[in-house]
Amino acid sequence: MYEGDVLAGNWRRPGKGKIPKVAAEPDLVVEDADSGFCGAVVACDKEAVTLEDRFGRRRLFPLAPAAFLLDGKPVTLVRPTAAPAGPRRSASGSIAVEGLRARVARESRIYVEGVHDAALVEKIWGHDLRVEGVVVEYLEGVDDLPAIVAEFDPGPGRRLGVLVDHLVPGSKESRIAAEITSPDVLVVGHPFVDIWQAVKPSVLRIPAWPDVPRGVPWKEGVIAALGWRMEPADAWRRILGAVSTFTDLEPELLGRVEELIDFVTEAP
């Protein structure tokens, strides 16, 4: 026999001391007990927490006692304890240079295929590039790469690094890259069809990047498969906005960009 009414009382507000406090760490998935909104923590301050659901929608909730469910059980979210002070890191993971004043740009350059590639490189390696005085420019494709390299006129102290999409054996891109033989030019690439794929799917809360049938424009095919009702430019803003550090990117891209930076900054 139950003692009293088992439905009596407020299950969201049990007796004092019975509700565990949980730090609102990034990516912790909880449910707002009142509205049923379920999402991952993307930001938290001393008064409120921001949750993002699997559709990319964000909502702000106050840090009220027992206001959230974690694995179906009431919890009180609290602001995470600040990490011990240490050297500040840039988005690429390198030690940030405080009070940086960008140095005069080198003659050496890094070329990438498109504006999306350039934006992603800037977001993660922008600090490092300004420290080293390296400018990144985009090509709008690599079909004319041999002529572009000839026009650049590379040489000792004027090196060129090129990042190519979908640089895999047998591809058009691999045949074009093979035409570049200058010791002062380094052409490297990643295996992804488009730079979008260099962002880890988990960052966007999707299981994987969709397979797009041949003959279908890749970006439009991805947007349709994911059910995103938006134009490619809006989709890219969503993708880039989800990226904050090098850990959000696939290692196949990370290694290649670091290799290019080392190449163009190496003393002749």
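- Remark: the backbone N or O of Ser35 is paired with a side-chain donor or acceptor of Asp32 at under 3.5 angstrom.
- In Glu231, the CD atom is not crowded: 12 or fewer heavy atoms of neighbouring residues, nucleotides or ligands sit closer than 6.0 Å.
- Under the 4.5 Å side-chain criterion, counting only non-hydrogen atoms from C-beta, Asp165 is in contact with His190.
- Counting only heavy atoms from C-beta outward, the side chains of Glu47 and Pro62 never approach each other to under 4.5 Å.
- Contact of the Val264 side chain with the Arg106 side chain is not registered, since no non-hydrogen atoms from C-beta on lie closer than 4.5 Å.
- The shortest distance between side-chain heavy atoms of Val42 and Pro26 does not fall below 4.5 Å.
- Smallest separation of non-hydrogen atoms from Phe152 and Leu160: CE2-CB, 3.7 Å.
- Across all their heavy atoms, Pro146 and Glu179 have their closest contact at CG-OE1, 3.3 Å.
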Practice task
Please report the C-alpha distance between Trp125 and Leu254 in whole Å, then the side-chain angles of each, then the deciding distance to 0.1 Å, and finally whether the side chain to side chain contact (heavy atoms under 4.5 Å, CB included) criterion is met.
Solution key: CA-CA 10 Å; Trp125 288 275; Leu254 295 174; 3.7 Å; yes
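- Side-chain atoms of Asp248 come within 3.5 Å of backbone atoms of Thr245 as a donor-acceptor pair (strictly under, hydrogens ignored).
- Proximity of Leu129 to Val121: side-chain heavy atoms (C-beta onward) are separated by under 4.5 Å at one or more points.
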Exercise for the section: Test Trp209 against Leu204 for side chain to side chain contact (heavy atoms under 4.5 Å, CB included), laying out the working first. Expected result: CA-CA 10 Å; Trp209 285 103; Leu204 299 166; 3.6 Å; yes
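- Contact record, Val216 with Gly221: CG1-CA, 3.9 Å, taken as the closest heavy-atom pair.
- Annotation: side chain of Val134 is not in contact with side chain of Ile261 (no heavy-atom distance under 4.5 Å).
- Grouped by direct or indirect side-chain proximity (heavy atoms under 4.5 Å, Ile/Leu/Val/Met/Phe/Trp/Tyr only), Leu70 sits with Val22, Leu28, Val30, Phe37, Val41, Val49, Leu51, Phe61, Leu63, Phe68, Val75, Leu77.
- When atom types are taken as modelled, the side chain of Lys219 and the backbone of Ala233 share no donor-acceptor pair closer than 3.5 angstrom.
- Listed for the Lys21 side chain is no donor-acceptor partner under 3.5 Å among the backbone atoms of Val78.
- The cluster map of Ile, Leu, Val, Met, Phe, Trp and Tyr, joined by side-chain heavy atoms under 4.5 Å apart, puts Ile239 and Trp218 in the same cluster.
- Heavy atoms only, all atoms of each residue included: Cys38 and Val29 are closest at SG-CG1, 3.9 Å.
- Heavy-atom minimum distance, Ser108 versus Arg159: OG-N, 2.8 Å.
- Contact check on Asp234 versus Arg229 returns no salt bridge, with no Lys/Arg side-chain nitrogen under 4.0 Å from an Asp/Glu carboxylate oxygen.
- Between Trp236 and Trp196, the angle of the ring planes stays under 30°, which puts this pair in the parallel group of the 30/60° scheme.
- Counting all heavy atoms, side chain and backbone alike, His116 lies closest to Ile195 at CB-CG2, 3.8 Å.
- The side chain to side chain contact (heavy atoms under 4.5 Å, CB included) test with Val187 singles out one residue from Ile180, Val149, Leu260, and that residue is Ile180.
- Residues Leu249 and Leu120 are in side-chain contact: their nearest non-hydrogen atoms beyond the backbone lie under 4.5 Å apart.
- Linking ILVMFWY residues whenever their side-chain heavy atoms come closer than 4.5 Å, directly or via other members, places Val193 and Leu253 in the same cluster.
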Donor-acceptor pairs under 3.5 angstrom involving side-chain atoms of residues 166-178: please list them, not counting sequence neighbours.
| from | atom 1 | to | atom 2 | distance (Å) |
| --- | --- | --- | --- | --- |
| Ser171 | OG | His166 | O | 3.3 |
| Ser171 | OG | Val168 | O | 2.8 |
| Ser171 | OG | Ser174 | N | 3.1 |
| Lys172 | NZ | Asp143 | OD1 | 3.0 |
| Ser174 | OG | Val168 | O | 3.4 |
| Ser174 | OG | Gly170 | N | 3.4 |
| Ser174 | OG | Ser171 | N | 3.2 |
| Ser174 | OG | Ser171 | O | 2.7 |
| Arg175 | NH1 | Gly170 | O | 2.9 |

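- Using a 4.5 Å heavy-atom cutoff, the side chains of Leu145 and Glu113 are not in contact.
- Qualifying ring pair (Phe, Tyr, Trp, His ring centres under 6.0 Å) partners for Tyr138, counting only residues two or more places apart in sequence or in other chains: none.
- Of the residues Arg57, Arg59, Arg205, the one that meets the salt bridge (Lys or Arg N to Asp or Glu O under 4.0 Å) test with Glu52 is Arg205.
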